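All chains are named by letter (A, B, ...) in the order of the sequence lines, taking the proteins before the strands, and each is independently numbered beginning at 1. Please read all numbers here as calculations on a predicted model, not as lab measurements. Values reported hereafter were calculated over all heavy atoms of this structure, with side chains retained and with hydrogens, waters and symmetry mates removed.
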Protein chains: 2
Amino acid sequence: MEKLSDRKEKILKAVVDEYIKSATPVSSGEIKDKHFNNISSATIRSELSTLEDMGYLIKPHTSAGRIPSKDAYKLYIDRFMVKIPLKQKEMELIQNSFKERFEGVEEIVRRTAKVISDITNYTSVIVLSNINKVKIKEIKLVELDEHSALVIIITDSGIIRDKVIALSNPMSTVYVKDANALINKMFSGKTVAEIKSPDAIIKKELADFKELYDSIIAILESYGGTNDSNVFIEGTSKFLDYPEYDLDSAKKFLTVLDTKEKFAELIEQNQDIEFSIRIGKDESCGLEKCAIVTARYKLNGKEIGHAGVIGPERMDYSKVVSVLSYVGKTLEKIADGGNDDKEKQ
Amino acid sequence: MEKLSDRKEKILKAVVDEYIKSATPVSSGEIKDKHFNNISSATIRSELSTLEDMGYLIKPHTSAGRIPSKDAYKLYIDRFMVKIPLKQKEMELIQNSFKERFEGVEEIVRRTAKVISDITNYTSVIVLSNINKVKIKEIKLVELDEHSALVIIITDSGIIRDKVIALSNPMSTVYVKDANALINKMFSGKTVAEIKSPDAIIKKELADFKELYDSIIAILESYGGTNDSNVFIEGTSKFLDYPEYDLDSAKKFLTVLDTKEKFAELIEQNQDIEFSIRIGKDESCGLEKCAIVTARYKLNGKEIGHAGVIGPERMDYSKVVSVLSYVGKTLEKIADGGNDDKEKQ
DNA sequence: GTTAGCAGTCGTATGCTTTGAGTGCTAGAT
DNA sequence: ATCTAGCACTCAAAGCATACGACTGCTAAC
């Protein structure tokens with residue numbers, strides 16, 4: 001793709017900027033008024049015309065202005081997107097979301113999703129994953145009643161997850177103690193991946209605790225995979241604010257969101273890079289005119305999953321990336337020791 | 001309100017039935033074709049006219065058929081609503097939802113909400129409440145690391161909830177043991193309400209564990225009130241299936257659902273009766289053309305909260321009530337000993 | 001009390017016209 | 001070579017008039 005002249009770039013940027021604001025086709029006159037005072041609209045028109053030929057602009061119909069093509073968004077992101085500093089108020093809002101000391105992943109993640117959605121004004125999604133790579137610090141087994149126990153899994157990144165399991169044989173306190181000891185001997189310090197594929201020898205040692213062992217493996221399995229309880233969505237109603245969506249797309253959008261697992265796959269496609277911006281590539285799954293921006297998130301140095309924002313193609317990419325980035329940084333610090341030391345962005 | 005003649009009743013029922021199916025105004029001819037073969041449409045027209053005068057029917061405009069008024073729905077519910085037996089498949093679906101042995105409230109409740117929404121095809125909401133009236137069976141304190149612990153609350157209805165709390169002083173194992181003993185001495189066997197208003201004497205005894213005590217009270221407080229984590233909503237997208245809602249109402253609806261707390265209040269208004277059906281009474285809160293059916297739910301004999309369905313005024317009340325009722329019965333049995341003994345409705 | 005018949009109502013669908021925002025082209029100015 | 005003013009052309013959207021048809025309500029006869 002050949003290099004654009006400076007003026008062409010400036011005009012293209014103008015179109016994208018205006019379209020992000022208004023969601024209506026941008027005309028040559030509008031560009032002249034708001035971005036140029038030295039050239040006429042006719043000149044801009046001829047430039048627009050060549051930009052259209054190059055595939056960066058689209059005319060909805062002859063007598064309308066232009067809207068950016070997907071390529072235009074991509075170029076815009078490459079060339080013009082800068083991390084804009086967040087407003088003081090926004091940063092405070094993010095900091096405040098994490099004021100209270102941490103209380104289990106669910107709580108943190110829910111708040112993270114909420115604050116991302118609130119500040120960007122788009123729907124946000126967080127998918128927890130990569131549990132496989134995380135090390136188990138300790139597993140605690142707490143007796144609840146004769147037939148059930150609570151398994152508490154503590155990872156070295158400070159993530160705590162727990163789940164009630166059922167046991168067919170009545171549990172004695174002794175059993176619990178033994179089981180606790182054995183399980184920790186086996187599991188602690190290992191990654192989930194390691195635990196999932198144990199040697200036959202270890203398996204034998206566990207004969208007495210087969211049921212318990214299986215239950216724990218099942219929990220680890222479900223936390224690793226894309227599971228309903230690993231997906232957090234906030235701000236579902238936000239996307240209805242954008243005029244490009246009608247009842248039909250609303251329905252589609254909500255249906256996709258209702259089946260969280262499927263949606264999670266979308267978010268997780270970003271495996272390698274820090275940020276991924278996908279525009280209109282997910283038509284197959286009912287998200288036709290959407291762009292998805294995702295980032296990988298860490299907690300205490302370990303990857304814990306992906307956070308994403310979903311909105312119209314003309315979303316405010318600069319803002320979204322800035323917010324995702326700032327929230328990500330804030331999050332990384334939580335496990336260490338609270339966020340008393342406010343840092344600059 | 002005077003008694004209606006049998007024929008008037010039959011005609012009114014016909015209008016409601018047809019309107020529930022089609023969501024379009026019902027005409028005299030349609031009623032004749034589908035429900036009468038002995039009287040003419042003209043006769044039905046004159047009956048419709050008097051029913052309109054009596055306030056049961058509404059004409060959207062002169063040359064349209066009639067739609068039921070709120071009063072008509074109420075009469076319909078009183079007079080004609082019967083618990084229709086669910087289909088075999090539906091019952092199986094409900095039973096299967098609870099096949100796995102229970103694993104904490106969240107899990108059960110989420111599934112309950114899901115199955116209600118799936119079978120009725122309306123949005124479902126469950127609000128946990130009444131924790132105040134529930135007795136604490138045991139509270140367990142599990143050390144996680146130096147600065148945090150997991151509080152596990154087990155109630156006599158088998159509900160298990162837990163939360164991570166932070167502690168400013170490093171915890172020793174001894175401390176945990178002592179605290180555990182003391183807390184249980186104090187709390188177990190009491191209702192949450194009793195715990196919340198402790199005698200001054202008890203408070204003194206707790207001096208050493210003030211911080212811990214406060215944390216636990218805070219947890220109980222939050223579980224009692226209508227809190228984000230006490231509200232479960234499923235099937236948000238379902239309501240877009242109904243033609244009476246446009247983009248505007250969709251937006252309102254979703255916004256209300258996004259602020260779960262507010263929504264919970266609506267559901268909880270039903271305090272005294274087993275079922276409550278409210279039609280169009282919640283206009284103030286953005287739910288203009290909605291009806292809400294709620295039921296109080298028990299787990300192991302104790303009230304745990306309210307389950308509700310929200311949909312258009314013309315919702316299939318019989319079906320909804322039947323489903324809520326059957327799910328409720330199924331739920332009651334879970335804590336006892338699984339659901340192996342399938343019972344008839 | 002019931003019914004057939006018919007006039008009257010009003011929402012909806014359809015097609016036509018007007019309007020105006022925007023473009024593309026061209027000829028002349030810079 | 002560029003740029004620009006001017007003008008013809010296009011096309012969606014808005015407005016308007018007409019026709020249609022699904023109803024009702026009324027009346028007169030059964």
Side-chain angles (χ1 to χ4, degrees), chain A residues 4-12 14-19 21-69 72 243-244 246-247, chain B residues 2-12 14-19 21-69 72 243-244 246-247:
Chain A
L4 296 176
S5 72
D6 280 2
R7 194 169 69 181
K8 280 200 181 56
E9 269 194 351
K10 195 180 166 196
I11 289 175
L12 187 57
V15 174
V16 176
D17 280 335
E18 290 306 321
Y19 190 70
K21 273 188 225 152
S22 70
T24 54
V26 184
S27 73
S28 54
E30 198 181 340
I31 296 175
K32 180 188 148 56
D33 291 348
K34 296 185 187 163
H35 295 86
F36 293 86
N37 45 19
N38 47 347
I39 56 174
S40 80
S41 67
T43 312
I44 293 172
R45 267 205 295 286
S46 80
E47 294 281 50
L48 287 174
S49 184
T50 48
L51 281 168
E52 189 184 344
D53 292 342
M54 295 166 86
Y56 289 117
L57 294 176
I58 295 166
K59 260 194 308 197
H61 57 264
T62 331
S63 66
R66 261 92 171 182
I67 62 173
S69 72
E244 41 265 83
D246 56 12
L247 254 184
Chain B
E2 71 250 78
K3 172 117 177 52
L4 296 175
S5 73
D6 280 3
R7 194 170 68 183
K8 280 201 181 57
E9 270 193 350
K10 195 179 166 197
I11 290 175
L12 187 56
V15 174
V16 177
D17 279 335
E18 290 305 323
Y19 190 70
K21 273 187 225 152
S22 69
T24 54
V26 185
S27 74
S28 54
E30 197 181 341
I31 296 175
K32 181 188 148 53
D33 290 348
K34 296 186 186 162
H35 295 86
F36 292 86
N37 45 19
N38 47 348
I39 56 174
S40 78
S41 65
T43 312
I44 293 172
R45 268 204 295 285
S46 81
E47 294 280 50
L48 288 174
S49 184
T50 48
L51 281 169
E52 188 184 345
D53 292 341
M54 294 166 86
Y56 289 116
L57 295 176
I58 295 165
K59 261 193 306 200
H61 57 265
T62 332
S63 67
R66 262 91 170 182
I67 61 173
S69 71
E244 41 264 83
D246 55 11
L247 254 184

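When each of B:T62 and B:S40 is assigned the nucleotide of DNA chain C with its nearest heavy atom, B:S40 is the one assigned upstream, toward the 5' end.
Atom NZ of A:K8 is separated from atom P of D:dT2 by 10 Å (rounded to the nearest Å). Between B:L48 atom CG and D:dC26 atom C1' the separation is 15 Å, expressed in whole Å. If you take CG of B:D33 and P of D:dA22, they are 13 Å apart, rounded to a whole angstrom. Spacing between atom CD of A:E47 and atom P of C:dT23 amounts to 14 Å, rounded to whole angstrom units. Rounding to whole angstrom units, CG of residue B:D53 and C1' of D:dT24 are separated by 13 Å. In this entry the distance linking CD of A:E52 with C1' of C:dT23 reads 10 Å, nearest Å. Distance, A:E30 CD to C:dA21 P: 13 Å, rounded to whole Å. Atom NZ in B:K32 sits about 15 Å away from atom P in D:dC23, given to the nearest Å.
Out of D:dT24, C:dT2, D:dA12, the shortest distance to the side chain of A:H61 is found at D:dA12. Distance from the side chain of B:S49 is smallest to D:dG25 among D:dG25, C:dG24, D:dT4.
Phosphate contact (OP1/OP2 of D:dT2, side-chain N/O of A:R7, threshold under 4.0 Å): absent. Distances shown here put every side-chain N or O of A:R45 at or beyond 4.0 Å from the OP1 or OP2 atom of D:dC7. The phosphate of D:dC3 (OP1 or OP2) has no side-chain N or O of A:S46 nearer than 4.0 angstrom. Phosphate proximity of D:dG25 to B:K59: present, with a side-chain N or O under 4.0 Å from OP1 or OP2. The shortest distance between the side-chain N/O atoms of A:T43 and the OP1/OP2 oxygens of D:dT4 is below 4.0 Å.
Proximity of a side-chain donor or acceptor of A:S41 to a complementary backbone N or O of A:G29 within less than 3.5 Å is not detected.
Taking the screw axis at each terminus of the helix from C:dG1-D:dC30 to C:dT30-D:dA1 from five consecutive base pairs, the angle between the two is 20° to within rounding of 10 degrees.
Between A:L4 and A:M54 the shortest side-chain heavy-atom distance falls below 4.5 Å. Side-chain contact between A:L48 and A:V15: present, with at least one pair of heavy atoms (C-beta onward) separated by less than 4.5 Å.
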Point to revise | Full working for side-chain contact (heavy atoms from CB on, under 4.5 Å) between B:H35 and B:E18 | key: CA-CA 10 Å; B:H35 295 86; B:E18 290 305 323; 2.8 Å; yes
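Side-chain to base pairing of A:S63 with D:dC11: one donor and one acceptor N or O lie within less than 3.5 Å of each other.
Both cation-pi conditions hold for A:K10 and A:F36: the charged atom is under 6.0 angstrom from the six-membered ring centre and inside a 45 degree cone around its axis.
Atom CG of B:D53 has more than 12 heavy atoms from other residues, nucleotides or ligands within 6.0 Å.
Donor-acceptor pairing under 3.5 Å is recorded for the side chains of B:T43 and B:S40.
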